[in-house]
Colleague: 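Before anything else, here's the structure in question.
From a predicted model like this one, the values you see are computed outputs, not experimental measurements. Heavy-atom basis, side chains included; hydrogens, waters and symmetry copies ignored.
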Amino acid sequence: MIAWLLYAVLLWGRLMRGWRSQRAVRWTISGFVILMLGFFGSKLVIDLIYGG
């Protein structure tokens, strides 16, 4: 949910405030990192619960 919120803020900033370059890159990378952590975190939890 947090990653989707970050991407929504990025879209809003792009459309309403004209964000480009460094600011947009930071928001995009932040959203990607949060999605990646969520994916690998859920895989880890599922492996721990189901044992492989």
Side-chain angles (χ1 to χ4, degrees):
M1 294 296 286
I2 294 171
W4 283 109
L5 181 63
L6 280 175
Y7 283 123
V9 169
L10 175 64
L11 274 173
W12 175 82
R14 172 69 177 100
L15 293 173
M16 298 301 192
R17 297 194 167 224
W19 289 350
R20 292 182 183 260
S21 69
Q22 284 297 98
R23 188 171 296 210
V25 168
R26 277 187 246 136
W27 282 97
T28 302
I29 290 174
S30 298
F32 173 76
V33 167
I34 290 173
L35 281 174
M36 190 174 60
L37 287 173
F39 175 76
F40 288 117
S42 65
K43 294 282 273 182
L44 179 69
V45 168
I46 288 173
D47 283 346
L48 289 176
I49 290 174
Y50 293 120

Colleague: Nearest 0.5 angstrom please: Ser42 OG to Leu37 CG, how far?
Modeller: 10.5 Å

Colleague: Check Trp12 against Arg17 and note the closest heavy-atom contact, atom names and distance.
Modeller: CH2-NE, 3.3 Å

Colleague: If hydrophobic clusters are built from ILVMFWY residues whose side chains come within less than 4.5 Å, do Phe32 and Trp19 share one?
Modeller: yes

Colleague: Return the minimal non-hydrogen interatomic distance between Trp27 and Leu6, and the atom names on each side.
Modeller: CZ3-CD2, 2.9 Å

Colleague: Return the CD1 to CD1 distance between Ile34 and Ile29, rounded to the nearest 0.5 Å.
Modeller: 12.5 Å

Colleague: For Tyr7 and Thr28, work out which heavy atoms get closest and say how close.
Modeller: OH-O, 3.5 Å

Colleague: Please report the closest heavy-atom contact between Gly31 and Ala3, naming both atoms and the distance.
Modeller: O-CB, 3.8 Å

Colleague: Look at the side-chain heavy atoms of Ile, Leu, Val, Met, Phe, Trp and Tyr, link any pair under 4.5 Å apart, and say whether Leu15 and Val9 land in one connected group.
Modeller: no

Colleague: Honestly curious: do Leu11 and Leu5 fall in one hydrophobic cluster under the side-chain, below-4.5 Å linking rule?
Modeller: no

